[in-house]
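What you are looking at is a predicted structure, and each value in this text was computed from that prediction instead of being measured.
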Amino acid sequence: MSPLVPPRRLDAATVAAIVEGRHGEPFAVLGPHPVAEGVVVRAFAPGAERLEVLALDGALLGELAPLHPAGLFEGLFDRRSFPRAYRLRAHRGAWSWELEDAYRFAPVFDEAELARLWEENGRPWLRLGAHLRVHEGASGVVFALWAPRAARVAVVGDFNGWDPRTHAMRRRAHGVWELFVPGATRGGRYRFAIRDERGRALPLRPDPFATLCDASGAAVVRAPAPPGGDDAPRLGPHAFECASERPLAFLELGFETWLDRRAGGPRARALPALARELGFTHLALRAPRRAAAPAAAGFPAGPFAPLAAEEALEGLRRLVDAAHDASLGVVLDWPLLKTNPAELGLALFDGAPLFETEAGGGWDVARAEVESFLLASACFWLEAFRLDGLRSAVPLPPRCTGPAEGACEALSAFPRRLAERLAQRFPGVVTIAEETDLPSGLTRPSWQGGHGFALAENGAFARALFAFFASDFALRSREGCALAFARAHAFAERFLLPLRLEDAAFGASSIERLPGEPVRRWAALRALLGYAWGHPGKKLVACDDLLAPELDTAASTEPGPAAPDASQRRGILRLLAALNRLYREFPALHRLDADPAGLAWIDLEERPLVEAWLRLGRPGDAPVLVIVNAGPEPRARFPIGVPHPGIWRLLLSTEAEEFGGSGTPAEPEPRAEPEPRHGRAFSLRLDLPPLATLFFAWNGEG
C-alpha cells in the first residue's frame, strides 16, 4: 500500500532545524500525526536514500517521500488502515536496515510522577537517568534529564553513532526532557547533547543520574540494582540514642584494599572474617585520596555512581553482604560535599549555573532541586548497597554578602538536612562527619541547634597523640601540652578517634615516625593504641599495611614470603583484637564516652610521661583504671590514687609477649591500700613497664 500525497509540506526553516539538529520540539514534527486527510508520518534517518514503513509482521505499508537529502522523509496514510505500531526500513544503495521510530511512542512518565520528582521521600533516580524498559510492547531504554533552561536536548550514544540529530528528546514539565529509545540495550554508552536557551551547542554532558560510567566519563546503561528499600536491614538501633552507649570500633580500609573488582573475589570473602576476628563492629571504606588516586580509579564516578566499573560495583555489593553475614556494619565515604559540580562535568550544565552557585564552585543547595538531588544521592548509596552508614565532609560555609548570602546560608544548613533526612529514612544509620574546623554542634541533635550527625572525627586529638609519641623523650612535656589541650575538648562532640597507622597526613607510616630503635618504636605504637582505646570516644583504625599479609594469606592457598617485622605486625593485630574485646566486655570503656561523668583524670606528678585516668561508666559498671607510661624507663612501685579499696585486676598490658612486647611482668592483682593519694582515699603501687599502657578493673573489696 502506497501512501497518499501529503496535503502540505514542512516549511524550509523547520526542515533545516530538524536535519541540523536545532529543533527543540521534535515530537511536533516527527512521528505520526493525525490530520484531516489521514495520518502524516515523518521520520529522520541520516544516511538513508529511501525509507519504507512496515507493519510489525513485516508487511510493507508504503514508502515515504524524501523531504531532504540528509534523510528526512514524509508520507500520508489512510487513518482507517494505518496501525498504531510500525517499524521503518531504510535503504542506501544495496544496503538496508530496519529501525524503530522513537517518535511513535507516547510519553513514559505522567505529569503526576514528574511533579513528585523532588519530593522529600522521592527517588528521582528511578525516573531520571537511563532505565531498561518495555514500553508499548517494545524493549529499549528510557532516558530522562533535568535541564530546565535548555532549548534542545538529544541523547547520543553507541545506539545512534553519537549523532546529536537523531534522538532529540521530548520537553516535559518541571524542566525534564524524556525519550524512549527502542532497541537500545544494556551496556550502551551515552551522553547528552544540549543547546542552551540561545540555541548554542554545548559540549556533550554526562548523565547526572548515571549509575555506571566508563573511564572517559560516558554513562553506561546498566540493569537496575537489586532493590534495597527503606526497610533494608540495618545492624544497630537508632544512632542518636545509642552512639554514646555502644562499643563502636571501625576498621578503615583504603580504596585499593577494599575494592575487589571480581564479584565475590577473595578480598570480599577475607575482609569481613578478618575484621570480625579482630573484634571490629564496622568496616569503614575510605575513598582514594585525590593526590594519590588517578582519575581511572573511578571514585566517585558520579553522584549516583560510587564506582566506574560494573564488576567493582558488584564486588562492593558482595563485600557488604559478606560483612552483614559476619554481623559487621559497613560505612562508605560519600565525598560529594568536598567535590564541586565542575569536577563531575556538571558546571554550566544547561548553559548557565544549574548545580553550582552563580559565583561558581560549590553546590547551589539554595535551589530546592539541587538540595533534593544531593539528598537523593546519599539515600541512593545507602539503599542500593544496603550500607549501614555514610561518612561525609562538612564544608565550612564561605563568608558571603549580597546576592550570594542566601546560597552561603543554605550551604551551612545543608549538612543538618542531610543528617536529618538519613536518620528519618534509615533508622539506625551511622552518619559520620569528617574532621572539620566547624564549631561544636556536629553531633548535637538538630532540634538543639546542632547538625545531627551520629559521630564526628576528632582528628585534632589523633594528631596530638601521634605528635606526642613521635616526639623526642626530652621534649614530650611540650607535646604533652598540645595533647592535654586536645583532651580538654574530648566531650565537645560524640567523637570518633581516627588512628591511621599508614597515613600520608602524618608524613609516613606511624612506626617510622616514632623515636628510638625498632623495639622501642613497636612498644610506643602499642602504648599509643592502648592510650586511644582507654580514652573516651569511639574507635577507628586504618592499618592496611598490617592487614595486607593476613589478607594475602587468607585469599591465597600459597603463603607468600614473610614481611619484615612480621611477628611485630601480627602482635599489633593481636593487640587490636584484645583491646576490642576489653572495649566490648567492660561497659565503662564505651558508655558515657561523650559525657564528662564517665571519666575521672588522676592528676599525677609525673605528667605527661605518666598519665592515668578512670573510666566510670554508669552506676553498677566496674570502673577501669588506665595507666600510660610514655617514658623510656620502667617505674617501680609507682603510686596511683584510686577511689576503692581491694583488688584491681590487670586486664591488659601492651607489653605482654603475645603482642610482641618484652613481657615485663606486672602484678596481676594489686591491692589498693588506705593510703590517700591524688585526692582519693586509696592508692595502688604498681610496677610500670616502659612505653606501655595498662588496664585494671576493680574487682570489689576483698
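Shown here are the salt bridge (charged side-chain N to carboxylate O under 4.0 Å, His left out) partners of E98, two or more places apart in sequence or in another chain: R87. Partners of W146 according to the ring-ring contact (aromatic ring centres under 6.0 Å, His included) rule, which considers only residues two or more places apart in sequence or in another chain, are W118, F355. Applying the side chain to side chain donor-acceptor pair (under 3.5 Å) test to R89 and every residue at least two apart in sequence or in another chain returns E52. Taking the side chain to side chain donor-acceptor pair (under 3.5 Å) definition, one finds that S392 meets it with nothing, sequence neighbours left out. Listed by chain and number, the residues in a ring-ring contact (aromatic ring centres under 6.0 Å, His included) with F159 are F143, H167 (sequence neighbours excluded). Listed by chain and residue number, E100 satisfy the side chain to side chain donor-acceptor pair (under 3.5 Å) test with R104 (two or more places apart in sequence, or in another chain). The side chain to side chain donor-acceptor pair (under 3.5 Å) check on R186 picks up E310, with sequence neighbours excluded. Residues meeting the salt bridge (charged side-chain N to carboxylate O under 4.0 Å, His left out) test with R80, sequence neighbours left out: D78. Residues that satisfy the salt bridge (charged side-chain N to carboxylate O under 4.0 Å, His left out) test with E197, not counting sequence neighbours, are absent from this structure. For D196, the salt bridge (charged side-chain N to carboxylate O under 4.0 Å, His left out) partners two or more places apart in sequence, or in a different chain, are R200.
Taking CZ of F192 as the start and CG of L145 as the end, the distance is 4.5 Å to the nearest 0.5 Å. Atoms CZ and OG1, on R22 and T14 in that order, are 9.5 Å from each other to the nearest 0.5 Å.
Judged by distance alone, the side chain of D388 and the main-chain N or O of H324 form no donor-acceptor pair under 3.5 Å. For R367 (side chain) and L354 (main-chain N/O), a donor-acceptor pair under 3.5 Å exists by modelled atom type. Side chain of R205 to main chain of L348: a donor-acceptor pair is present (N/O by atom type, distance under 3.5 Å, no hydrogens or angles). With hydrogens and angles ignored, the 3.5 Å screen pairs no side-chain donor or acceptor of R42 with any backbone N or O of L10. Judged by distance alone, with hydrogens and angles left aside, the side-chain atoms of D333 form no donor-acceptor pair with the main-chain N or O of P335 at under 3.5 Å. Distance alone, capped at 3.5 Å, is enough to place a donor-acceptor pair between the R195 side chain and the G21 backbone. In terms of modelled atom types and a separation under 3.5 Å, the side chain of E371 and the main chain of A368 share no donor-acceptor contact. Between the W363 side chain and the L336 main chain, a donor and an acceptor come within less than 3.5 Å of each other.
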message = The test is side chain to side chain contact (heavy atoms under 4.5 Å, CB included); show your working for L316 and L332 and say whether it passes.
response = CA-CA 10 Å; L316 173 59; L332 181 65; 4.3 Å; yes
query = Step by step, would you call R79 with E37 a salt bridge (Lys or Arg N to Asp or Glu O under 4.0 Å)?
reply = CA-CA 8 Å; R79 182 182 302 175; E37 297 86 350; over 6 Å; no
message = Between R425 and E383, does the salt bridge (Lys or Arg N to Asp or Glu O under 4.0 Å) criterion hold? Intermediate values first, please.
response = CA-CA 10 Å; R425 186 157 171 178; E383 184 174 312; 3.4 Å; yes
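For A151 against W177, the heavy-atom pair with the smallest separation is O-CH2, 3.6 Å. Looking at every heavy atom in both residues, G302 comes nearest to L344 through CA-CD2, 4.4 Å. Considering all non-hydrogen atoms of both residues, R123 and R127 come closest at O-NH1, 4.0 Å.
Sequence neighbours left out, the pairs with a member in residues 151-163 that pass salt bridge (Lys or Arg N to Asp or Glu O under 4.0 Å) are D158-R189, D163-R165.
Taking the six-membered ring where the residue is Trp, H451 and F453 present tilted rings, their angle falling between 30° and 60°. Relative ring orientation between F180 and H135 is described as perpendicular, the plane-to-plane angle rising above 60° on a 0-90° scale split at 30° and 60°.
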Donor-acceptor pairs under 3.5 Å, side chain of residues 23-36 to any protein atom, not counting sequence neighbours: which ones?
| from | atom 1 | to | atom 2 | distance (Å) |
| --- | --- | --- | --- | --- |
| H23 | ND1 | E25 | N | 3.0 |
| H23 | ND1 | E25 | O | 3.4 |
| E25 | OE2 | R171 | NE | 2.9 |
| H33 | NE2 | F27 | O | 3.4 |
| H33 | NE2 | V29 | O | 3.3 |
| H33 | NE2 | L30 | O | 2.8 |

